[in-house]
Asks: 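Here it is: the structure, laid out below.
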Amino acid sequence: MATPSVQEVLPPSLDSTSKPPPLFDGTTRLYINYQCPFAQRSWIVRNYKGLHDKIKLVPIDLQNRPAWYKEKVYPENKVPSLEHNGKVIGESLDVIKYLDSNFEGPALWPDDPDKQKFAEELLAYTDTFLKNVYGSFKGDTIKVAGAEFDYLETALQKFDDGPFFLGQFSLVDAAYAPFVERFQIALHELSKYDITSGRPKLAAWIEELNNLDAYKPTKCDPKLLVEIYKSRFLA
């Protein structure tokens, strides 16, 4: 089971005027951005494993990034990245796998070989899922995006021992959740399209996610999200 709810005071974002933390001093730091879905993946996993006291959140302002982040922490200048044991790990799927393998807390990777295989398939598909849904905003939204949500609906039917992709909550759920969250909001606002209509498994999955204490504090600001999507896709 997930660790009980922890009421965490979220730190302010660091920008170009902010001094760096005492880098590589033995503190484990997860660099995120509060609106970035890729960073949200690792934030969810960190919370679910109950690592609030073990891993310090360091939010970065991506619109006004501190120069030291690229120069001293992560040359790719993206989030998320994880500072741990004198090294930095980047790329969101790599970070969540690393968090699960190297820290205490509930295991988010299954022991069952069939579930492991399916998990790898689903994680490998995330790039295709994102490319197609994002692309649909400037095309036949309902047809193209609908096919991707049908894919998720089918995937959620494979195991019946719980409401998540592998039955129980796993890295797969953390990988998809931030994007489904945003697509549900944006498609409803911009296209009047309900991604859960006719997809009971997807609807139940979203409902279960919204009940997770690890997920709730990571959710994006819907109003800000809609404005970002409007300027990106409707301009």
Asks: Under the 3.5 angstrom rule, does the side chain of R46 hit a backbone N or O of L30 as a donor-acceptor pair?
Replies: no
Asks: What heavy-atom pair brings S42 and P80 nearest, and what distance separates the two atoms?
Replies: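 Closest approach of S42 to P80, heavy atoms only: OG-CB, 3.4 Å.
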Asks: Would you call R41 and V95 a side-chain contact if the rule is heavy atoms closer than 4.5 Å?
Replies: no
Asks: Tell me the side-chain hydrogen bond (donor to acceptor under 3.5 Å, both in side chains) pairs involving residues 107-121, sequence neighbours left out?
Replies: K115-D161
Asks: Considering non-hydrogen atoms only, spot the tightest contact between R29 and L23 and give its length.
Replies: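 Answer, listing the atom of R29 first, then L23: NH1-CA, 3.9 Å.
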Asks: Quick check: are there more than 12 heavy atoms from other residues, nucleotides or ligands sitting under 6.0 Å from CG of D160?
Replies: no
Asks: Tell me, with the steps shown, if L187 and F137 meet side chain to side chain contact (heavy atoms under 4.5 Å, CB included).
Replies: CA-CA 8 Å; L187 287 168; F137 280 90; 3.9 Å; yes
Asks: Looking only at atom types and distance, does a side-chain atom of K49 sit under 3.5 Å from a main-chain N or O of P106, one as donor and one as acceptor?
Replies: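 Present.
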Asks: Which heavy atom of Y69 sits nearest a heavy atom of K78, and at what distance?
Replies: OH-O, 2.6 Å
Asks: Could you walk me through whether L14 and V58 pass side chain to side chain contact (heavy atoms under 4.5 Å, CB included), step by step?
Replies: CA-CA 8 Å; L14 303 183; V58 184; 3.7 Å; yes
Asks: Taking NZ, NE, NH1 and NH2 as the nitrogens, is one of them in R65 or D15 under 4.0 Å from a carboxylate oxygen of the other?
Replies: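 Answer for the salt bridge query: no.
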Asks: Evaluate the side-chain proximity of P21 to W68: yes if any heavy-atom separation is below 4.5 Å, no if none is.
Replies: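 In short, these two side chains touch, coming nearer than 4.5 Å.
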Asks: Apply side chain to side chain contact (heavy atoms under 4.5 Å, CB included) to the pair I195 and I206, showing each step before the final yes or no.
Replies: CA-CA 11 Å; I195 68 170; I206 292 171; 4.1 Å; yes
Asks: With rounding to the nearest 0.5 angstrom, report the CD to CG distance, E8 to N47.
Replies: 6.0 Å
Asks: Once rounded to the nearest 0.5 Å, what's the spacing between atom CD of Q168 and atom CG of L166?
Replies: 9.5 Å
Asks: What's the verdict on side chain to side chain contact (heavy atoms under 4.5 Å, CB included) for L152 and F129, showing C-alpha distance, side-chain angles and the deciding distance?
Replies: CA-CA 9 Å; L152 298 188; F129 174 77; 3.7 Å; yes
Asks: With side chains defined as the heavy atoms from C-beta onward, is the minimum distance between T196 and F149 less than 4.5 Å?
Replies: no
Asks: Just how far is it from atom CD of E91 to atom NZ of K97, taken to the nearest 0.5 Å?
Replies: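 Between E91 CD and K97 NZ, I get 11.5 Å after rounding to 0.5 Å.
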Asks: Does R232 make a cation-pi contact with Y134 (under 6.0 Å, within 45 degrees of the axis)?
Replies: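 Checked: cation-pi criterion met.
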Asks: Between E104 and K54, is there a side-chain N and carboxylate O pair less than 4.0 Å apart?
Replies: yes
Asks: Are I89 and I60 linked, directly or through intermediate hydrophobic residues, by side-chain heavy-atom contacts shorter than 4.5 Å (ILVMFWY only)?
Replies: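 Shared cluster, no.
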Asks: Are the side chains of F118 and F159 in touch, meaning some heavy atoms are under 4.5 Å apart?
Replies: yes
Asks: Do I142 and L202 sit in one hydrophobic cluster, given that two such residues count as connected whenever their side-chain heavy atoms are within less than 4.5 Å of each other, even indirectly?
Replies: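 Yes: a chain of side-chain contacts under 4.5 Å links I142 to L202.
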Asks: With a distance cut-off below 6.0 Å to the six-membered ring centre and an angular limit of 45° from the axis, does K138 pair with F233 as a cation-pi contact?
Replies: no
Asks: Taking only distance into account, with no hydrogens and no angle test, what donor-acceptor pairs under 3.5 Å do side-chain atoms of residues 171-186 form with protein atoms, sequence neighbours excluded?
Replies:
| residue | atom | partner | partner atom | Å |
| --- | --- | --- | --- | --- |
| D173 | OD1 | F165 | N | 3.2 |
| D173 | OD1 | W205 | NE1 | 2.8 |
| D173 | OD2 | S170 | N | 2.9 |
| D173 | OD2 | S170 | OG | 3.4 |
| Y176 | OH | L122 | O | 2.7 |
| E181 | OE1 | Q40 | NE2 | 3.0 |
| E181 | OE1 | Y215 | OH | 2.7 |
| E181 | OE2 | C220 | N | 2.7 |
| R182 | NH1 | Q40 | OE1 | 2.7 |
| R182 | NH1 | P178 | O | 2.8 |
| R182 | NH2 | Q35 | O | 3.1 |
| R182 | NH2 | Q40 | OE1 | 3.2 |

Asks: Using the rule that two of Ile, Leu, Val, Met, Phe, Trp, Tyr join whenever any of their side-chain heavy atoms come within less than 4.5 Å, decide whether L212 and L10 are in one cluster.
Replies: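 Per the 4.5 Å side-chain linkage, L212 and L10 are co-clustered.
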Asks: Tell me whether E153 is salt-bridged to R199, with the criterion being a basic N under 4.0 Å from an acidic carboxylate O.
Replies: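 Looking at E153 and R199, the cut-off is not met.
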Asks: I'd like to know if V79 and Y34 are part of one continuous hydrophobic network [Ile/Leu/Val/Met/Phe/Trp/Tyr, side-chain heavy atoms within less than 4.5 Å].
Replies: no
Asks: Nearest heavy-atom pair of T28 and H84: which atoms, and what distance?
Replies: OG1-CD2, 3.2 Å
Asks: Is a donor from one side chain sitting under 3.5 angstrom from an acceptor on the other, for K216 and N211?
Replies: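 No, because no side-chain N or O of K216 sits under 3.5 Å from a partner of the opposite role on N211.
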Asks: Taking all non-hydrogen atoms of both residues, which atom of V45 and which atom of L108 are closest, and how far apart?
Replies: CG1-CD1, 3.9 Å
Asks: Please give me the minimum heavy-atom distance between E83 and D25, naming the atom from each residue.
Replies: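 Closest approach of E83 to D25: OE2-N, 4.2 Å.
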Asks: Taking atom types as modelled and ignoring hydrogens, do the side chains of T128 and Y151 form a donor-acceptor contact shorter than 3.5 angstrom?
Replies: no
Asks: Below 4.5 Å, heavy atoms only, C-beta onward: do L225 and I228 meet side chain to side chain?
Replies: no
Asks: Nearest 0.5 Å, what's the CD1-OG distance between I96 and S101?
Replies: 10.5 Å
Asks: Does a side-chain heavy-atom distance below 4.5 Å link P11 with P59?
Replies: yes
Asks: With distance as the sole test, does T126 use its side chain to make a donor-acceptor pair with the main-chain N or O of L123 at under 3.5 Å?
Replies: yes
Asks: Tell me, yes or no, whether the heavy-atom count around Q157 atom CD, taken from other residues, nucleotides or ligands under 6.0 Å, exceeds 12.
Replies: yes
Asks: Hydrophobic clustering (ILVMFWY, side-chain heavy atoms < 4.5 Å, transitive) - are L99 and V88 grouped together?
Replies: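 No, V88 does not connect to L99 through the hydrophobic network.
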Asks: Is there a donor-acceptor contact under 3.5 Å from the side chain of W43 to the main chain of F38?
Replies: no
Asks: Would you confirm whether N102, through its side chain, and Y98, through its main-chain N or O, come within 3.5 Å as a donor-acceptor pair?
Replies: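 It does hold such a pair.
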Asks: How many angstroms lie between atom CD of Q63 and atom OG of S16, to the nearest 0.5 angstrom?
Replies: 12.0 Å
Asks: Ring centroid separation for Y74 and Y31, is it under 6.0 angstrom?
Replies: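 They do not qualify: ring centres at least 6.0 Å apart.
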Asks: Hydrophobic side-chain clustering at under 4.5 Å (ILVMFWY, transitive links): who's grouped with V144? Put none if nobody.
Replies: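 Same cluster as V144: nobody, lone residue.
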